[in-house]
Amino acid sequence: MRQAIFLIRLLPMEQCSLESGQGLSLDNIVDASLDLRARKDVQTCTYWKAPIMWDGTFDPDLYDKTHKREGSSVALTVFAVGRYLDAYLYTFINSSENHFMLGLPVTYYVFTDMPEMVPDIKLGPQRSIKVIKVEKHSRWQDISMMRMKTISDVIESDIYYHFTHVFCFDVDQVFTGRFGSEALGDSVALLHAYYYLLPKILFTYDRNPKSKAYMETGDFYYHAAVFGGTCKSVKALAEACYQGIMEDKQNNVEALWHDESHLNRYLWLHKPSKVLSPEYCWDTSIGYSSDIRVKRLLWAPKHYNTLRRP
């Protein structure tokens, strides 16, 4: 099976049908500057004319100047509950300070059951942190799924009034390269590093018709470790996922990959306006891949046996 998947990964990706960024359904006028033909080894746009962001297709300085001029600002939400706080939070935020949305106002919204344990981290200009206490659920699956309601609530009560965009991250990751304003859009999804080269038949959508996350097919397989967009769009996604999760609970159903399964269904029905390539969340254990020229965010080592114990 592993050999078969390796051979499948050698197959070329689909190609973007557009000649230039001018043909995109534009989130922002700066997206028209994308050079969609600069990368012939990868797919640089979707069939619904959203860009797929790859190194070499965009001018980072142009994006930064445009978003600074427009007054873009970003709220970053991250959950550090239980042992995840001590294991990952400091490295996550410290690395973000070197790579995430530099030059734009950023506030970290840290959700944790132990606010007193959040480390003191020196932040750069226009950067701040808000620590919000949340309940610790006994199952890690519930922590993962219930974050959608928390994100929706904090956007409505706070973020909406102060920021133009929201990005939501898993905490067990490390920034290693630019993750900048080119990633901003109305609705932003991430191609999962393990699935972006595989045929759809191998995508792990929820196949249970009893679940609200049920899908027979889709466009891509998206990774819930990173998603974002405008406040309105992220709130709509989070609310829909939460409603699906709660309906499943009432029917004694749990989606295969929990909130990620619900996120995939939502993004299939409501197409993202911008898609991030796996550069924006890569796992080095996959090994060498010629199309990954830059690793912007890496999966941190997973210690599930100890971190997910009650």
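The first residue in the sequence is number 1, and the count goes up from there. Any value given below was found using the heavy atoms of this structure, including those in side chains, with hydrogens, waters and symmetry copies removed. Everything quoted here is computed from the prediction, not taken from an experiment.
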Report task. Would you sort out whether Asn208 and Leu256 count as a side chain to side chain contact (heavy atoms under 4.5 Å, CB included), showing the intermediate values? Result -> CA-CA 8 Å; Asn208 179 4; Leu256 177 64; over 6 Å; no

Query raised in the report: Do Asp291 and Arg39 meet the salt-bridge criterion of a basic N to acidic O distance under 4.0 Å?
Result: no

Query raised in the report: Taking everything shown except Asp86 itself, do over 12 heavy atoms lie less than 6.0 Å from its CG?
Result: no

Query - Parallel, tilted or perpendicular: rings of Phe203 and Tyr205 (30°, 60°) - result: perpendicular

Query raised in the report: Above 12 or not: heavy atoms from other molecules or residues under 6.0 Å from CD of Glu116?
Result: yes

Query raised in the report: Does Trp268 offer a backbone N or O that forms a donor-acceptor pair with the side chain of Lys271 under 3.5 Å?
Result: yes

**Report entry** Step-by-step side chain to side chain contact (heavy atoms under 4.5 Å, CB included) determination, Ile151 to Tyr242
**Finding:** CA-CA 10 Å; Ile151 290 169; Tyr242 175 67; over 6 Å; no

Requested in this report: Using a 4.5 Å cut-off on heavy atoms from C-beta on, say whether the side chain of Thr57 contacts that of Leu36.
Outcome: no

Report task. Would you please classify the geometry between the His270 ring and the Tyr266 ring as parallel, tilted or perpendicular, with 30° and 60° separating the classes? Result -> parallel

Requested in this report: Output yes when a side-chain donor or acceptor of Glu182 lies under 3.5 Å from a complementary backbone atom of Gly180, and no otherwise.
Outcome: yes

Query raised in the report: Is a side-chain donor or acceptor of Ser233 paired with a backbone partner of Thr230 at a separation under 3.5 angstrom?
Result: no

Query raised in the report: For Tyr47 and Ser17, does a side-chain donor sit closer than 3.5 Å to a side-chain acceptor?
Result: no

**Report entry** Met53 CE to Cys45 SG distance, which is reported to the nearest 0.5 Å
**Finding:** 12.0 Å

Query raised in the report: Where the side chain of Asp170 meets the backbone of Asp172, is there a donor-acceptor pair that is under 3.5 Å apart?
Result: no

Query raised in the report: Does any N or O in the side chain of Glu254 come within less than 3.5 Å of the main-chain N or O of Lys249, such that one atom is a donor and the other an acceptor?
Result: no

Report task. With the side chain counted from C-beta on, respond yes when Glu279 and Lys295 share a heavy-atom pair under 4.5 Å apart, and no when they do not. Result -> no

Requested in this report: Give a yes or no answer on whether the side chain of Asp186 reaches the backbone of Ser273 with a donor-acceptor pair at less than 3.5 Å.
Outcome: no

Query - Thr204 vs Trp257 side-chain heavy atoms within contact, under 4.5 Å - result: yes

Requested in this report: Inspect the surroundings of CG in Asp120 and state if more than 12 heavy atoms from other residues, nucleotides or ligands are less than 6.0 Å away.
Outcome: no

Query raised in the report: Ignoring hydrogens and geometry, is there a side-chain-to-backbone donor-acceptor pair from Arg265 to Tyr214 under 3.5 Å?
Result: yes

**Report entry** From CG (Leu237) to NE2 (His262), nearest 0.5 Å
**Finding:** 11.5 Å

Query raised in the report: Considering only heavy atoms from C-beta outward, does the side chain of Phe227 approach that of Val234 to under 4.5 Å?
Result: yes

Query raised in the report: NZ/Lys130 to OG1/Thr107 distance, rounded to the nearest 0.5 angstrom?
Result: 6.5 Å

Query raised in the report: Are any side-chain N or O atoms of Ser157 and backbone N or O atoms of Asp153, one a donor and one an acceptor, separated by less than 3.5 Å?
Result: yes

**Report entry** Leu89 vs Val110 side-chain heavy atoms within contact, under 4.5 Å
**Finding:** yes

Query raised in the report: Can you get from Leu202 to Phe220 by hopping between Ile, Leu, Val, Met, Phe, Trp and Tyr side chains that sit under 4.5 Å apart?
Result: yes

Query raised in the report: Within the side chain of Asp55, is there an N or O that forms a donor-acceptor pair under 3.5 Å with the backbone of Val294?
Result: no

Query - Parallel, tilted or perpendicular: ring planes of Tyr109 versus Phe163, cut at 30 and 60 degrees - result: perpendicular

Report task. Kindly check if the number of other-residue, nucleotide or ligand heavy atoms within 6.0 Å of CD (Glu14) is above 12? Result -> no

Query raised in the report: Would you find a donor on one side and an acceptor on the other, under 3.5 Å apart, between the side chain of Glu70 and the backbone of Ser72?
Result: no

Query raised in the report: Between Asp64 and Arg69, does at least one N-O distance fall below 4.0 Å, as a salt bridge requires?
Result: no

Query raised in the report: Stepwise, does the ring pair (Phe, Tyr, Trp, His ring centres under 6.0 Å) test hold for Tyr280 with Phe179?
Result: CA-CA 7 Å; Tyr280 288 84; Phe179 197 122; 5.0 Å; yes

Query - pair Leu276-Leu191: side-chain heavy atoms closer than 4.5 Å - result: no

Query - Geometric class of the Phe175/Phe100 ring pair [parallel <30°, tilted 30-60°, perpendicular >60°] - result: tilted

Requested in this report: Apply the test side chain to side chain contact (heavy atoms under 4.5 Å, CB included) to residues Lys235 and Val166: give CA-CA distance (whole Å), side-chain angles for both, the deciding distance (0.1 Å), then the verdict.
Outcome: CA-CA 9 Å; Lys235 187 178 189 316; Val166 187; over 6 Å; no

Query raised in the report: Salt bridge between Arg147 and Asp259, side-chain N to carboxylate O under 4.0 Å?
Result: yes

**Report entry** Side chains of Leu184 and Lys274 in contact at under 4.5 Å (non-hydrogen atoms)
**Finding:** no

Requested in this report: Kindly assign one of parallel, tilted or perpendicular to the pair Trp299 and Tyr194, based on the angle between their ring planes and the thresholds 30° and 60°.
Outcome: tilted

Query raised in the report: Is the Tyr221 ring parallel, tilted or perpendicular to the Tyr195 ring (thresholds 30°, 60°)?
Result: tilted

Query raised in the report: Any idea how Trp54 and Tyr196 line up, ring-wise: parallel (<30°), tilted (30 to 60°), or perpendicular (>60°)?
Result: tilted

Requested in this report: Could you tell me whether the side chain of His165 reaches within less than 4.5 Å of the side chain of Met101, counting heavy atoms only?
Outcome: no

